[in-house]
S.K.: 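Before I ask anything, let me first share the structure, which is written out below as structure tokens.
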Protein chains: 2
Amino acid sequence: MITVLEAPTREEAAEAVKSALSRRRILVMVGNCWVNYQGRARSILNPGERILIIKEDGSVLVHRPKGYEPVNWQPPGCIFHSGLEGDVLFIKAVRRKPREILQVFFDKIYFLAAMSLADKGEFSLHASEEEMQKAIMNQPSLIEDGLRIIAYEKKVEPGFVDVYGVDRDGRLVVIEIKRRTAGKEAVLQLSRYVDSLRGEHGREVRGILVAPKIARQAHKTLITLGLEFKRLDPKRCAEVLAKGRLGSLEEYY
Amino acid sequence: MITVLEAPTREEAAEAVKSALSRRRILVMVGNCWVNYQGRARSILNPGERILIIKEDGSVLVHRPKGYEPVNWQPPGCIFHSGLEGDVLFIKAVRRKPREILQVFFDKIYFLAAMSLADKGEFSLHASEEEMQKAIMNQPSLIEDGLRIIAYEKKVEPGFVDVYGVDRDGRLVVIEIKRRTAGKEAVLQLSRYVDSLRGEHGREVRGILVAPKIARQAHKTLITLGLEFKRLDPKRCAEVLAKGRLGSLEEYY
DNA sequence: GAGTGGATTTCGCAT
DNA sequence: ATGCGAAGTCCACTC
């Protein structure tokens, strides 16, 4: 299932690379290389020891010995060319739309592995903004008592409002949700929505920013603009959802 | 320099992992695993065959056979615990601030490599937004004839203006630069800057959005708000800079 | 340390 | 296909 070559010659490596790419196997390679990229931007990476990964879907990663992010990459869907050019093994990954070219050149290959991996395991992620929205729909009292939800993702002029409702006194309420510290941007976005709805309805509209935290300066702006902030943790929302019998937004209607 | 184990036993693998982590070597591992993450959010990844990479700086990547992005990860600076728990090899990566825990469990290890890589190669990236700004400073006629640049990144109320100048008729000009298709967000940002400066100076202010392209709806908003759009490619800017003798913004003043 | 904006962002969803 | 906003975004830089 896995073919491993330790310290292969360039010829052996070239052969293994060609074979792996044509059979759409995953390729992991370690060696001394340099990299050129040209597309939306351009970059040059001078020689050094790195890890190259090419996946079966045609995505490419070049990883340096440090850092979470690849130094160079190519998203899925690349077409590959490879071979020997003198003493150098080159791999060229071409992407259409946008047109981008990544070229990797190896002069030393310490190690090469080609493999097919079977991965059907489900992945589930919790505590996203969508989950916060669901929780509020499910239990509007998370924001305040007497709040009734009218719509979610309502279209208003500048874009979409996360949640839209009426408070106990019959005033319109616009809710903007952020799953982490809300900044200036979120405040201004909410402000736009509120302004737009005020113009549209001509009656009082409250804007509530819902987030686990708000930046100090953003809070000042918020107050100036006559908006409100309601603290709410994604974790708390996850708990509400876990206890509620309502699983999805779709079921709500 | 590289230690490779093909199809090691769990005991051998556990030993190699412990050794690699303690000696801060890079670890590349392929096998059947499942993953839990808990921190800013929570996630569960059910069993499947994946590639695990742990770098010398304590960053972690779990890659599925497809996709450019890791399914789970941990940024640099993690502290590790590993060992055998029954028939399972576990690796636990803990990050402080924010507190996050990633746990990977292997029941089959197909392959394991531990290594130290030397990488001093310089990385250079071209055609960023900053380069577009430089090009405009260098050659304001890229925007329009008669434009004089007064300042860049001038502080105005909502934030920073990219470039700030005076046109041939003496009107203030605010320029917002985007290196790719400008969206609604860029238009609104520019609008805020223009409004702010109008209030401050009380005289006519032009707002120009500079980008290779503008979204259709964003363009409508732009027109409504009385702003302007000027098409400009990052590539074109790169050419201008290549020909110009001006290397950096600092030299401009 | 918090706040702000960019990214070769990528990704997914809705138009 | 295009547009738009979220992301466990990460990262770098400023205040």
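So you know, we letter chains A, B, ... as the sequences are listed, proteins then strands, and number each from 1.
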S.K.: Among residues at least two apart in sequence or on other chains, which ones pass ring pair (Phe, Tyr, Trp, His ring centres under 6.0 Å) with A:Tyr68?
M.R.: B:Trp73

S.K.: Taking only N and O in the side chain of B:Arg95, is any of them less than 4.0 Å away from OP1 or OP2 of D:dG8?
M.R.: no

S.K.: Please pick, from D:dC11, C:dA7, D:dG5, the nucleotide with the shortest atom-to-atom distance to any side-chain atom of A:Glu69.
M.R.: D:dC11

S.K.: In whole Å, what is the span from the CD atom of B:Gln189 to the C1' atom of D:dG5?
M.R.: 15 Å

S.K.: Taking only residues two or more places apart in sequence or in another chain, which ones pass side chain to side chain contact (heavy atoms under 4.5 Å, CB included) with A:Ala182?
M.R.: A:Lys178, A:Ala186, A:Leu209, A:Ala211, A:Ile214

S.K.: Which part of the nucleic acid, if any, lies within reach of B:Pro75 when heavy atoms closer than 4.0 Å are counted: base, sugar-phosphate only, or nothing?
M.R.: base

S.K.: Kindly say whether, by distance alone, the side chain of A:Glu185 makes a donor-acceptor pair under 3.5 Å with the base of D:dG5?
M.R.: no

S.K.: With sequence neighbours excluded, what pairs up with A:Arg180 under the salt bridge (Lys or Arg N to Asp or Glu O under 4.0 Å) test?
M.R.: none

S.K.: Does a side-chain N or O from A:Trp73 land closer than 4.0 Å to OP1 or OP2 of C:dT10, or not?
M.R.: yes

S.K.: Calculate the interatomic distance between A:Gln133 atom CD and D:dA7 atom C1'; express it in whole Å.
M.R.: 16 Å

S.K.: Can you tell me how far P of D:dT2 sits from CZ of B:Arg216, to the nearest Å?
M.R.: 11 Å

S.K.: Taking atom P of D:dC10 as reference, at what distance in whole Å does atom NE2 of A:His63 sit?
M.R.: 14 Å

S.K.: Name the residue closer to the 5' end of DNA chain C, choosing between A:Thr181 and B:Glu176 according to the nucleotide with the nearest heavy atom.
M.R.: A:Thr181

S.K.: Starting from the 5' end of DNA chain D, give me the residue, A:Lys97 or B:Asn72, whose nearest nucleotide shows up first.
M.R.: A:Lys97

S.K.: Output all residues satisfying side chain to side chain contact (heavy atoms under 4.5 Å, CB included) with B:Ser191, sequence neighbours left out; order by chain, then residue number.
M.R.: A:Arg192, B:Asp195, B:Leu225, B:Leu227

S.K.: Tell me: NZ of B:Lys66 to P of C:dG12, nearest whole Å?
M.R.: 13 Å

S.K.: Heavy atoms only: give me the nearest A:Arg179-A:Glu129 pair and the separation to one decimal.
M.R.: CD-N, 3.9 Å

S.K.: Kindly give the heavy-atom pair with the smallest separation between B:Gln133 and B:Asp162, and that separation in Å.
M.R.: NE2-O, 2.9 Å

S.K.: Run the salt bridge (Lys or Arg N to Asp or Glu O under 4.0 Å) test against B:Arg236 and tell me which residues pass, sequence neighbours left out.
M.R.: none

S.K.: Under 4.0 Å from any atom of DNA chain C, heavy atoms only: list the residues of residues 225-238 of chain A that qualify, in numerical order.
M.R.: none

S.K.: Considering only heavy atoms, which members of residues 118-125 of chain B lie under 4.0 Å from some atom of DNA chain C?
M.R.: B:Phe123, B:Leu125

S.K.: For A:Ile79, enumerate each residue passing the side chain to side chain contact (heavy atoms under 4.5 Å, CB included) test, keeping only those at least two apart in sequence or located in another chain.
M.R.: A:His81, A:Arg96

S.K.: Are OP1 or OP2 of D:dA7 and a side-chain N or O of A:Lys178 less than 4.0 angstrom apart?
M.R.: no

S.K.: Find the distance A:Glu130:CD to D:dG5:P and express it as a whole number of Å.
M.R.: 17 Å

S.K.: Test your reading of the model: is there a side-chain donor-acceptor pair from B:Lys55 to the backbone of A:Gly67, 3.5 Å cut-off?
M.R.: yes

S.K.: Between D:dG3, D:dA7, C:dT10, which nucleotide has the shortest distance from any of its atoms to the side chain of A:Arg179?
M.R.: D:dA7

S.K.: So if I take residues 32-59 of chain A and measure heavy-atom distances to DNA chain C, which residues fall below 4.0 Å?
M.R.: A:Tyr37, A:Arg40, A:Ala41

S.K.: Look at atom CD of A:Glu185 and say whether more than 12 heavy atoms of other residues, nucleotides or ligands are closer to it than 6.0 Å.
M.R.: no

S.K.: Round to the nearest Å and state the distance from A:Leu188 atom CG to D:dG5 atom C1'.
M.R.: 16 Å

S.K.: Under 4.0 Å from OP1 or OP2 of C:dT4: is there any side-chain N or O of A:Gln217 that close?
M.R.: yes

S.K.: Nearest whole angstrom, please: distance from the C1' of D:dG8 to the CZ of A:Arg180.
M.R.: 9 Å

S.K.: With sequence neighbours excluded, give me every side chain to side chain donor-acceptor pair (under 3.5 Å) pair touching residues 40-52 of chain A.
M.R.: A:Arg40-A:Glu100, A:Ser43-A:Asn72, A:Glu49-A:Tyr110, A:Arg50-B:Asp119

S.K.: Please list all pairs meeting salt bridge (Lys or Arg N to Asp or Glu O under 4.0 Å) that have one or both residues in residues 207-228 of chain B, counting only residues at least two apart or in different chains.
M.R.: B:Arg206-B:Glu228

S.K.: A:Asp233: which residues meet the salt bridge (Lys or Arg N to Asp or Glu O under 4.0 Å) condition with it, sequence neighbours left out?
M.R.: A:Arg231

S.K.: What nucleic acid atoms does A:Glu100 come within less than 4.0 Å of, heavy atoms only: base, sugar-phosphate, or nothing?
M.R.: base

S.K.: Given the P atoms of C:dT8 and C:dT4, what is the spacing between them in whole Å?
M.R.: 23 Å

